[in-house]
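Atoms within each ligand, like the ligands themselves, are counted from 1 in listed order.
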Amino acid sequence: MIETRELTKRYGGKTAVDALSFTVRPGRVTGFLGPNGAGKSTTMRLILGLDTPTAGSVTVAGRRYDRLTAPLCEVGALLDARAVHGGRTVRRHLLGLARSHALPARRVDEVLGIVGLETVADQRARSLSLGMAQRLGIAAALLGDPGVLILDEPVNGLDTEGIRWIRTLLKSLAAEGRTVFLSSHIMSELELTADRVVVIGRGRLLADTGMRDFIEAHSPDSVLLRTPDGESGRMRALLEARGATVLLNARGGWRVTGLTTAAVGEAAREHGIALHELTPLRSSLEEIYTAMTGEAVEYRGSADGEDKELLR
Ligand code: ADP
């Protein structure tokens, strides 16, 4: 469990984290979202005792990080995959960490196996690709078999297979009852991996909720419909008579707003009209996130503000 209470960090006149209160619970994967400069890294650094709060508090596994007796065995963290001594081999890097916590050398082999780095164990860290360096960072985070994992952009540099691998790994670590907290810029990936989301903008909390609830609450109240019944046929008149608005899209589908999927299906059945598709329209995490954080963006990238077409 990670708990922040009114957590605040100011650098001079700049408030990086602003009275932030949220709880990251065990047994789930929680995604941490926010535009560049929102305060995610600062929050993670405060959780890990790498910086001290200006006000408020943060605990991990029930205590302040600096009060943990064997931090590696309680909290595993990956903040910067390149922050390793490049001249050391992969195995020696992990052995050094293991020794600092009196962990047996065989644990190093175990984590090398978990992350799939056995074949490069004797290579120097500086020779690793970014994807392999990420795997090494994850191995180090897992070394002490901790109950809490904090990962900043863990999929950075991983290929498609690597991304799928980490998704499965994080879900299984959460299923074992661990707390998994990760940030990622790849929204489509986070949507698949995380069960919960914490969203911040300009250091403030914007949302702290379940992923499915978050998407449902911010999706339009619309249904996508396909029917062989013509544009000016009975189905359209029926829907409009029941108060719905019907918009045709370029691909021959209808976007029906103002009636539930069930109400549309029942109306079609009552009148014996065939339907070829009936789907509730959901926004993607990325669409919701972009709309929500638009005003909280500190540094706007060139891809921001793209108008995405919701209808298929
Ligand atoms: P994110 O990880 O969401 O991109 P950060 O936590 O890195 O955001 O930064 C939040 C804000 O705090 C930014 O405006 C950043 O410039 C500022 N900031 C972060 N660290 C420092 C620091 N050591 N000194 C001054 N300002 C900082």
**Study point:** Arg5 CZ: over 12 foreign heavy atoms closer than 6.0 Å
**Key:** yes
**Study point:** Exceeds 12 heavy-atom contacts within 6.0 angstrom, atom CZ of Arg167
**Key:** yes
Exercise for review: Could you tell me if any non-hydrogen atom of Pro35 lies under 4.0 Å from any atom of ligand 1?
Suggested key: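 For ligand 1, residue contact (heavy atoms, under 4.0 Å) with Pro35 is present.
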Exercise for review: Return yes when Gly37 approaches ligand 1 closer than 4.0 angstrom through a heavy atom, no otherwise.
Suggested key: yes
Exercise for review: Using salt bridge (Lys or Arg N to Asp or Glu O under 4.0 Å) as the criterion, list what pairs up with Arg91, not counting sequence neighbours.
Suggested key: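 Salt bridge (Lys or Arg N to Asp or Glu O under 4.0 Å) list for Arg91, sorted by chain: Asp109, Asp122.
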**Study point:** Among Val115, Leu78, Leu94, side chain to side chain contact (heavy atoms under 4.5 Å, CB included) partner for Leu136
**Key:** Leu94
Taking 4.0 angstrom as the limit and counting only heavy atoms of [X], give me the atoms of ligand 1 inside it, by number and element.
X: Ala38; value: 1 (P), 3 (O), 8 (O)
X: Lys14; value: 14 (O)
X: Ala16; value: 10 (C), 11 (C), 12 (O)
X: Thr42; value: 5 (P), 6 (O), 9 (O), 19 (C)
X: Lys40; value: 1 (P), 2 (O), 3 (O), 4 (O), 6 (O), 8 (O)
X: Asn36; value: 4 (O)

Exercise for review: Check ring pair (Phe, Tyr, Trp, His ring centres under 6.0 Å) between Tyr289 and all other residues, then give those that pass, not counting sequence neighbours.
Suggested key: none
Review point. Is any NZ, NE, NH1 or NH2 atom of the basic residue among Asp18 and Arg202 found under 4.0 Å from an Asp or Glu carboxylate oxygen of the other?
Key: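 So Asp18 does not pair with Arg202 through a salt bridge.
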Exercise for review: With atom 8 (O) of ligand 1 as the reference point, say which of Gly39, Ser41, Gly201, Gly34 has the nearest heavy atom.
Suggested key: Gly39
Review point. Quick check: does Thr43 get an N/O under 3.5 Å from an N/O on ligand 1?
Key: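 No, no N or O pair falls under 3.5 Å.
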Check your understanding: Should Val223 and Leu259 count as side-chain neighbours, where that means a heavy-atom distance under 4.5 Å?
Key -> no
